[in-house]
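All remarks here apply to the structure that follows.
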There are 2 protein chains.
Amino acid sequence: MDEETLRIKLGVAIRTRRSELGFSQDSFADQIEMHRAYYSSIERGERNLTLSTMARVASGLKCALAELFKSARL
Amino acid sequence: MDEETLRIKLGVAIRTRRSELGFSQDSFADQIEMHRAYYSSIERGERNLTLSTMARVASGLKCALAELFKSARL
């Protein structure tokens, strides 16, 4: 799988989960203390996230990293 | 969970899986075209891996990222 596809699949999974929790993109970014524009670029699959950033997002989404990757089919 | 614990848990899961497959650390690093010293530092939990690097390791380990995170209990 190419890198762009990977990033997009993870971004979509994050966006889906965040929407399901009823958070707006901006309010969620504020909640996990991340720049709104940066967080938005994550959901668009533009970032090659590090483990620590993924963990910060997953923690905000109240789900395990394993669960997030499973929903992304990764 | 602090960042060091995260990295170590992932490193241990990678090491366990690689051992189960019967690869030495060096032969596995060669197989996924990664510097041996760098790969070794991943197993020791010294790297804040990016998504693309995780995917490269998981692919070599013939397992999904979700599976790897699940075995790391992350």
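Here the structure is a predicted model, which means the values were calculated and not measured. In what follows, every chain begins at residue 1, and chains take the letters A, B, ... in the order their sequences are listed.
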Sorted by chain and residue number, the salt bridge (Lys or Arg N to Asp or Glu O under 4.0 Å) partners of A:Glu46 (sequence neighbours excluded) come out as A:Arg44
Within residues 58-73 of chain B, the residues sitting under 4.5 Å from chain A by heavy atom, in sequence order, are B:Ala64, B:Leu65, B:Ala66, B:Phe69, B:Lys70
- prompt: Do other residues, nucleotides or ligands put more than 12 heavy atoms under 6.0 Å from A:Glu4 CD?
  reply: no
Output for pair (B:Arg47 CZ, A:Leu51 CG), nearest 0.5 Å, gives 13.5 Å
* Can you hop from B:Ile32 to A:Leu6 via hydrophobic side chains spaced under 4.5 Å? -> yes
Filtered by a 4.5 Å non-hydrogen cutoff, the part of residues 10-30 of chain B contacting chain A is B:Leu10
For residues 1-20 of chain B, the ring-ring contact (aromatic ring centres under 6.0 Å, His included) pairs (sequence neighbours left out) are none
Bottom line for A:Arg56: the part with an atom under 4.5 Å from chain B's heavy atoms is neither
Okay, B:Met1 and chain A: the region with an atom under 4.5 Å from a heavy atom over there is neither
Does one hydrophobic cluster hold both A:Met54 and A:Met34, with members joined at side-chain heavy-atom distances below 4.5 Å? yes
Given the options B:Asn48, B:Thr53, B:Leu49, A:Thr50 meets side-chain contact (heavy atoms from CB on, under 4.5 Å) only with B:Asn48
